[in-house]
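Right, one structure below, let's go through it.
Just so you know, these numbers use all the heavy atoms, side chains as well, and skip hydrogens, waters and symmetry mates. Just so it is clear, the structure is predicted and the values come from calculations on it, not from any experiment. In what follows, chains are A, B, ... by sequence order, proteins preceding strands, each numbered from 1.
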Amino acid sequence: MEIPKNYNPQEAEKEIYEKWSKSGFFNPDVCIEKKKTSPDAPHFSIILPPPNVTGVLHIGHAVGTTTEDILVRFYRMKRYRTLWVPGTDHAAIATQSKVESIIQKQEKKNRHDLGREEFLKRVNSFAQESHDTIVSQIKKMGASVDWGREAYTLDKKRNNAVVTAFKTLHDLGLIYRGIRIINWDPKGQTSVSDDEVKHEESEGTLYTFYYEKDFPIPIATTRPETKLGDTGVAVNPKDKRYKKYVGKTFRVNFAGEELKIKVVADKEVDPSFGTGAVGVTPAHSFVDWEIANRHDLEVKQVINEYAKISLPKSEFFGLKTTKARELILEKIKKNGLLLKEEKIKQNIARAERTGGLIEPLPKLQWFVAVNKDFTFPHSSLSFVKKGEKTTLKKLMKLAVKKKHVSILPQRFEKTYFHWIDNLRDWCISRQIWFGHRIPVYYPKDNSKKENISFFVGEKPLEGEWEQDPDTLDTWFSSALWTFSTLGWPEKKKNEKKYEEGNDLVNYHPTTVLETGYDILFFWVARMILMTTVLLGEVPFSYTYLHGIVRDKAGRKMSKSLGNVMDPIGIAEKYGTDALRMSLIIGASPGNDIKISEEKIKAQKHFANKIWNASRFILLSLPEKEKDLQKIIQKKIPLNKKDTTRAKKLSKHIKEVTNDIENFRLYLAGEKLYHYFWHTFADIMIEESKESIYQGKEEDRLSASQNLYLQLTEQLKLLHPFMPFLTEKIWSLIPKTAEKDLLLIEKWPET
RNA sequence: GGACGGCUAGCUCAAUCGGCAGAGUGUCGCAUUCACAUUGCGAAGGUUAUUGGUUCAAGUCCAAUGCCGUCCACCA
């Protein structure tokens, strides 16, 4: 047989992936049927973090996919009942705003010009295209996912899960509708959750002034235009300067607007900052909203959804907040009310997806109550009993504290707890069109009234009803992902460990959630929230957090910097296996991964080294059929030296296995590299040449036997990391008849 | 303001329980009929950011400092 001198990944990869797919072994049901695992075997399951259908896979996805595939292939070879479910995420706001901007650019139209139905058609076709690209890219990475179980966060089954989850939480009293101050994105024309707001530092001006001459307390603000909505002034209870005014109400005229200002004492006020007095604007500041709640101050909205002044009688009506600010300042100055003007550093809030400047506004929205007591309905969790009073916050916290979920690296547990401590009710309604429509029905033409009775769940048959026009936060459906992909709510949990056809019983809780640390809050925390309350289980036993991929200079990859690496381009140039190795070696959990073309090249060299070492062994195997058969059946006795070599291999197998089992993939990868190249190729093969070319027959056979063993066992060890290359070489190696794909070979005994 | 991470060879990073500081890449030298030039062999390259402490032993543990970075909070 002719074996080329160089390994050609482009040729091998496509053919091999098809071979794997055809074999059916990505599907655990087939593995059971073909006796490659059994119903009694422990399960190992991962649900692929669904990539957003906003475009193509980036290198971060490649890290995740590789990490997951290594684990999945390892446990499949260890004969676990192994399932990896693929899918994609509709990514509501991200996708909608992307399509909106494309339509704006190409047709100069906005979504209202098209109408809800037509617009959604456009978004769906964009999503479909993006989906198809993503699927082909996941395949290119070699991911051994079970395509037969593919899911989409917005498909029919997942919608059923969303509706059921919404209704269940509402029935438990954990979802409510109400007017609260929320983050409003004027650009995207929707509310967003606290986590979707990003703060960036900028320079601002802090103005200190009086509302009017007769008002005794000066106040300070960076946004004078919001002061049109002030209904109070808060001071510290211990502040002697202002004590005499506390409890009094003043009527003042500020910039032509009549204000009713009540002076209140609140311990949150820092007497040493500014003037020690806060002008309270309940409608346009989170902190002020809280103060107003505590002291029963009136809420007066002065800014609307378009970030314009909304007071019809005011001279500033209809002006943008920035313009109004200028004019109001002029007035303050003209009236001699300005005391001080100083430059300060401040953080401005922007919507993560659209970049719009966040305007806090009171609005009627849907919320998940995280601090509210409710009666826990399940008996399957050890840290909270059935019938016990608890809160969602407590559930989220205890799941990790009681080690039902372990976060790797562990230091992120602290970050997680801290986030929960600061958590406010989760605003889940969005005023966008793309996403799961809120499953609530109001009597016709009454959807905007606050105190109206409504119907949650399926549309009622009788009477005139209309569905809530809003959609759900995309993370609401993502939070259900581990079980919505496994058949919930049609499938139910029961006492059994295995029930044919019931994925929820067979694979939930999943074993590992592998994702980037940047979505710990967005996703991981919310999955724990939803799963504990809805299923009485945790979603996964381990959370493995990988780092963010950075360029050679340590910069985050971004389109604007032009340093984005296309994983597929790299895979095509250097081979998928080389890309996979370079993403794993040197990438410990939670730490950022720096990648460069040189690093990938080094792994391409390694792939070629493996190829050529294998080539040598294949060419040096004994020609006599009888001897060859003995070697294949591992029947040649090893001499003393080769026995030592075999022992080295066992030790190596043990170490690599141990590293993978403990999620130290970066170490396992490095050891595989080092052992193959510098122990096996440099030393063992070189030393064996003497026996093979000039040795006595028994030494020659012993050497061949050892090299054969070393190679075949190492191919197994390397397979999860470099699946294509190893599978290709495996197909060239003479072996016993029952052996077929390396994919489903048994992992070496330790 | 709070929390977390990093600082190890020119560069990118490892070092599992506290036990001989090690890879890749780059640099320099040598080698090409015999698996592999996408290679092999060899060399140079280190006060592990700084200061102090614990210990038989510290890159690793403790305390402090400096620089770089990240997340959270949001002082109006």
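- Closest to the side chain of A/R615, from the set B/C4, B/A35, B/U38, is B/A35.
- Looking at A/K671, its side chain comes within 3.5 Å of the base of B/U16 through a donor and an acceptor atom.
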In dot-bracket notation, what is the pairing pattern of RNA chain B, taking Watson-Crick (N1-N3 plus N6-O4 or O6-N4) and G-U wobble (N1-O2 and O6-N3) contacts under 3.5 Å, with [ ] crossing and | for other strands?
(((((((..((((.....[..)))).(((((.......))))).....(((((..]....))))))))))))....

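- When heavy atoms are screened at a 4.0 angstrom cut-off, A/D592 is found touching no nucleic acid atom at all.
- Base contact: A/K609 has a heavy atom under 4.0 Å from a base atom.
- Shortest non-hydrogen contact noted between A/I291 and A/D266 is CG2-OD2, 4.0 Å.
- Ring centroids of A/Y673 and A/F606 are separated by less than 6.0 Å, placing the two rings close together.
- Among the atoms of the strands shown, base atoms are found under 4.0 Å from some heavy atom of A/N347.
- Closest to the side chain of A/F521, from the set B/A14, B/U39, B/C72, is B/C72.
- Across all strands, A/F606 comes closer than 4.0 Å to no nucleic acid atom at all (heavy-atom distances).
- A syn orientation is assigned to B/C17, its glycosidic angle lying within 90° of 0.
- Per the geometry, OH belonging to A/Y7 stands 20 Å off C1' belonging to B/A37, to the nearest Å.
- For the residue pair A/E257/A/Y211, the side-chain donor-acceptor check at 3.5 Å is not satisfied.
- A/N658 and A/R664 form a side-chain donor-acceptor contact under 3.5 Å, judged by distance and modelled atom types alone.
- The shortest non-hydrogen separation linking A/A277 to A/V235 is CB-CG1, 3.9 Å.
- Using cut-offs of 30° and 60° for the angle between ring planes, the A/F616 and A/Y693 rings count as perpendicular.
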